[in-house]
Structure formats: C-alpha cells, structure tokens
Amino acid sequence: MKFIHAADLHLDSPFGGLKNVPKQLMNSIYQSTFKALSNLVDTAISESVDFVCLVGDLYDSDEMSIVAQTTLIEQCERLQKAGINVYLSFGNHDFSDNRQNHLTFPSNVTLFTSEVETVTHVLGNGDEVQLTGFSYAHRWEPSKIADYPVRGNEKWHIGLIHGSNEGSSSTVDESYAPFTIKELLQKNYDYWGLGHIHVRQVLSEVPPIIYPGNTQGRHRKESGDKGFYLVNSKGSKLSPEFVTSSTIDWETVNVSMATINSLSDAIDKIDLECQKFSDNKAYLMVIQLTDLDDFSELLLNRIQNGDLLTAWIQKHSSDNYYWIVKMKMLVNEKMIFESIDQEYWEKSATRVFTNDKMTELADKLLQIPELNTYLVGKEHVSELQESAKALLHENQAIEGHDNENN
C-alpha cells in the first residue's frame, strides 16, 4: 500500500501585507499554493499511489473561491485519470454545512461529512483499508475522538483528523476538535493523518501520528520547506517519508553587522548570507541584523526607518531568486541597558510581554482565527519584546549623541 497524506493547502490564500515585492514575483507568490497542489499530484501519479488523503483547510476561507474550487477539482480529475482515489475533509478555515456553495467533485473523491464516519478503500490486491474522519460544519468543533471506532479485524485502519493536540504547550486551539496522543493510541490504528498545525510534527513513530504542516508557507512564521508525506507499507508497518511541495520558502537569516561601517558594506554582507541558499527555488527573506553595538546613530536610524531595505531593493532586479521583505534589529540587551538596572528590566519584561497581556489587549480581535494565530504565541510575544529593545536601543543612541553635543 502506498498513499499521500497532506493538509492545510489553503488554496487562494491572499498573501496580504507584502510590500515592495515586484509584480512578477507577487504573481508567483499568489500562484504558489496552487503550484504546491500540482506538485503533490505530480508525485501521486509518478509514485502510483493507491489514494490521497487531504485533511482539512483545503481552501483558505469558508467562501471557497471559484478559482480555488476549480483548481482542486482539476487536480482531482488528474488523479482520477490515473486511477487514484481522494479522501478529503474540510477544516476550520473552509468549514461548510451548505453544500450549495460547492462545485461537484469527480467520482474518485470521497468527502467526509460533518459526522465521524468510516469508509472503505479496496487495494489492488483485495486488502481493505478503513479510513475514519469528518469535516467541520462550523468554525469551531468540540472533541470528536470518542466517535472514532476502535480498530477491528481489518487489514489497515487510518484515522484522519483536523484538530489540536491537547498535550501541546499551546492553549489557543482548544475549540478545534482537540485530542490527546493517548486517545489516538487507544484506537489501535495503523496511521493517524492530522491537519491544522502548520509546523511539521511527528507526535509518534509507531504508529505514525503526524502533522505534515501546510504544503506552502504563506508568511514568515511558516518558514522552511513545506510539503506532505508519502507513506509506504513495509510488512505490517507504515513508513512515512516527507516530500517537499513548496515553490517559495520563507527564511529568517541572521546577519552580523560587526565591522560594517556603511550601507554599501551592510548590503554586500546581507547578500553574502542570502546567497548561501540554493537557487533551485525562490525565497522570501526576513533579515535579522545582529552585533549592532558599535553602530552610529545614523546607521541605526536608517535600519529603523527602512532606508537600508529600500537601498537593497533599489540595487536588485525583480528576477532575483531571493527577495527581502523585512529587516529588523536584534540587539544585545545587556549592552543596551547598561544605564538601566538589568534585573529591573528582566522582571518588567517577564511581567509585560506575556500571552495573557496580549490576550487582554487584543480582546475581540482574537475571535478572528487569522489574527488569533498571528497575535497569540511565544514567537509573536518575543517579536514584540525585540521591537521594544530595538526602540530603546535607538533612543539610547540618540540620547548619547545629544549628550556628546552638549
């Protein structure tokens, strides 16, 4: 048996907020979620898989744009011509209990309903594979793991669920069909194909319990290679292998500014670090500048107000295989706060930069899933703290300059 497990395609994602990106590159970025799906189907056909599992958030929103639906149907038709079945479900982004909003899938596609159900796939050798899953009818769904049957005498049983692992450190996703690893293991399935979390994670190796991540990164928090899993049977076990599908990767690159004395030198050093990435695909880069302790007030200001990024953009053509979308300063707080009691700063930062504070300030904004994902989490809280440090660093440089002139 051989199959593909993927999730979170987010077809027709708008890629909002990107500035100063050349038109040609922006078009490639917009097409990237569709191209990632095409790459997945290419692999399915070339590997002659038995079936494909797509576990939720196939579309970026519950409106399910005609472009996104048409693209998915066209790719399913390619699989149909190759004799490959598709088992798919909707998640919290593309939830829908209104089938009138759907274009009709080809006959090789099985769409799970809003109730947990088990369907049977018959392999070429006659062995039966049971697949159990469900689609979201609403944006938030309670735990449904109790409705998944315990494995019987079937040759293979695969569980599919778009939801959140209650055992993870995050508490943001409690309304997204939560489960525990223990609950999944108690079902005695051969494989659990998960969706919802955009970071690739293997929660268990035997049996495999896997979040494949999304097939194409859409912003800087979805960095690195994105793709899906190609799963092969080896005896009575299933062996998953990650396959890349993304055409554009987001990367965060730290660049030391030690010994740099001019904008030109800074641009050359940034390019040197970016060129370490292979040119076999495109990259959207976030540059984090380090070792800024000896930078002048003028250079700090030019980083802070975007002059350095503007200078980089003006120097590079639109067909560059990497493109910088953001530059920011990473500063050494012990060097910055020599004039501030270090212990006082650390206590204040611990108290101020927290998820609870973020939740309190964001209030009703957190009811919007996209903002919830962006605003709450250790990474965003850390970014806010770094931004505050950068501003204090700049202000200290300006005050020091003013004192020298008095």
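In what follows, residues are counted from 1 in the order of the sequence shown. Note: hydrogens, waters and symmetry copies are ignored here, and every other heavy atom, side chains too, is used.
The heavy-atom pair separating Ala6 from Thr215 by the smallest distance is CB-CG2, 4.3 Å. When every heavy atom of Ile84 is checked against every heavy atom of Val49, the shortest pair comes out as CG1-O, 3.5 Å. Minimum heavy-atom separation, Tyr30 to Thr33: O-OG1, 4.0 Å. Across every non-hydrogen atom of Asp60 and His10, the tightest pair is OD1-ND1, 2.9 Å. Gly195 and Ala7 make their closest contact through CA-CB, 3.7 Å (heavy atoms, listed as atom of the first residue, atom of the second, distance). Minimum interatomic distance between Thr120 and Tyr87 (heavy atoms only, all atoms of both residues): O-OH, 4.2 Å.
Looking only at side-chain heavy atoms (C-beta outward), Phe105 and Gln69 stay at 4.5 Å or farther from each other. The side-chain heavy atoms of Ile210 and Val231, taken from C-beta on, include no pair separated by under 4.5 Å. Residues Val243 and Ile4 have side chains not in contact (no heavy-atom distance under 4.5 Å, counting atoms from C-beta outward). In this structure, the side chains of Leu37 and Leu72 come closer than 4.5 Å at one or more pairs of heavy atoms. A heavy-atom distance below 4.5 Å is not found between the side chains of Lys315 and Asn320. Side-chain contact between Val129 and Asp50 is absent, with no heavy-atom pair separated by less than 4.5 Å. Met327 places none of its side-chain heavy atoms less than 4.5 Å from the side chain of Val255. Here the side chains of Leu11 and Phe34 are in contact, with some heavy-atom distance below 4.5 Å.
Residue pairs that meet the side chain to side chain donor-acceptor pair (under 3.5 Å) test with at least one member in residues 146-156, sequence neighbours left out, are Arg151-Asp190, Glu154-His157.
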Output, in order, the C-alpha distance, side-chain angles, deciding distance and verdict of side-chain contact (heavy atoms from CB on, under 4.5 Å) for Gln216 and Ile248. CA-CA 7 Å; Gln216 169 62 54; Ile248 300 175; 4.0 Å; yes

side-chain contact (heavy atoms from CB on, under 4.5 Å) for Asn165 and Gln201? Distances and angles first, verdict last. CA-CA 11 Å; Asn165 172 22; Gln201 298 178 35; 5.7 Å; no

Criterion salt bridge (Lys or Arg N to Asp or Glu O under 4.0 Å) on Asp8 and Arg218, from CA distance to verdict: CA-CA 11 Å; Asp8 300 282; Arg218 301 167 302 141; over 6 Å; no

Could you walk me through whether Val41 and Leu79 pass side-chain contact (heavy atoms from CB on, under 4.5 Å), step by step? CA-CA 7 Å; Val41 171; Leu79 293 170; 3.8 Å; yes

With side chain to side chain donor-acceptor pair (under 3.5 Å) as the test, would you mind laying out the steps for Thr118 and Thr132 before giving the verdict? CA-CA 4 Å; Thr118 300; Thr132 303; 2.7 Å; yes

Begin from the C-alpha positions of Tyr191 and Lys237 and carry the test side-chain contact (heavy atoms from CB on, under 4.5 Å) through to its verdict. CA-CA 9 Å; Tyr191 186 93; Lys237 304 296 182 182; over 6 Å; no

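The backbone N or O of Asp249 sits nowhere less than 3.5 Å from a side-chain atom of Lys281 that would complete a donor-acceptor pair. Judged by distance alone, the side chain of Lys269 and the main-chain N or O of Ile260 form no donor-acceptor pair under 3.5 Å. The backbone N or O of Ser114 sits less than 3.5 Å from a side-chain atom of Lys144, completing a donor-acceptor pair. At least one donor-acceptor pair under 3.5 Å links the side chain of Asp94 to the backbone N or O of Gly91. Between the side chain of Asn108 and the main chain of Cys76, a donor-acceptor pair closer than 3.5 Å is present. Counting only distance, with no hydrogens or angles, the side chain of Asp57 and the backbone of His93 share a donor-acceptor pair below 3.5 Å. The backbone N or O of Leu160 sits nowhere less than 3.5 Å from a side-chain atom of His5 that would complete a donor-acceptor pair. Without hydrogens or angle criteria, Ser245 side chain to Leu40 main chain gives no donor-acceptor distance under 3.5 Å. Under a 3.5 Å cut-off, the side chain of Thr43 and the backbone N or O of Asn39 do form a donor-acceptor pair.
Ring planes of His121 and Phe51: tilted class, angle from 30 to 60°. The aromatic rings of Tyr176 and Tyr136 are tilted relative to each other, their planes meeting at an angle between 30° and 60°.
Partners of Asp307 according to the side-chain contact (heavy atoms from CB on, under 4.5 Å) rule, which considers only residues two or more places apart in sequence or in another chain, are Arg302, Asn305. With sequence neighbours excluded, no residue forms a side-chain hydrogen bond (donor to acceptor under 3.5 Å, both in side chains) with Glu205.
Note that CG of Leu58 and NE2 of His162 are 9.0 Å apart. Values are rounded to the nearest 0.5 Å. Note that CZ of Arg78 and CD1 of Ile45 are 4.0 Å apart. Values are rounded to the nearest 0.5 Å. Separating the OG atom in Ser135 from the CD atom in Glu117 is a distance of 8.0 Å, to the nearest 0.5 Å. Atom OH of Tyr322 and atom OG of Ser278 lie 13.0 Å apart (nearest 0.5 Å). Here the CD1-CG distance, from Ile287 to Leu309, works out to 9.5 Å after rounding to the nearest 0.5 Å. The line from NE2 of His196 to CD1 of Ile161 is 11.0 Å long, rounded to the nearest 0.5 Å.
Looking at Trp192, Tyr211, Phe3, Phe242 one by one, the single match for ring pair (Phe, Tyr, Trp, His ring centres under 6.0 Å) with Tyr229 turns out to be Phe242.
Side-chain contact annotation: Trp312 with Asp271, donor-acceptor N/O pair under 3.5 Å present. Side chains of Asn254 and Thr290: a donor-acceptor N/O pair is absent below 3.5 angstrom, by distance only.
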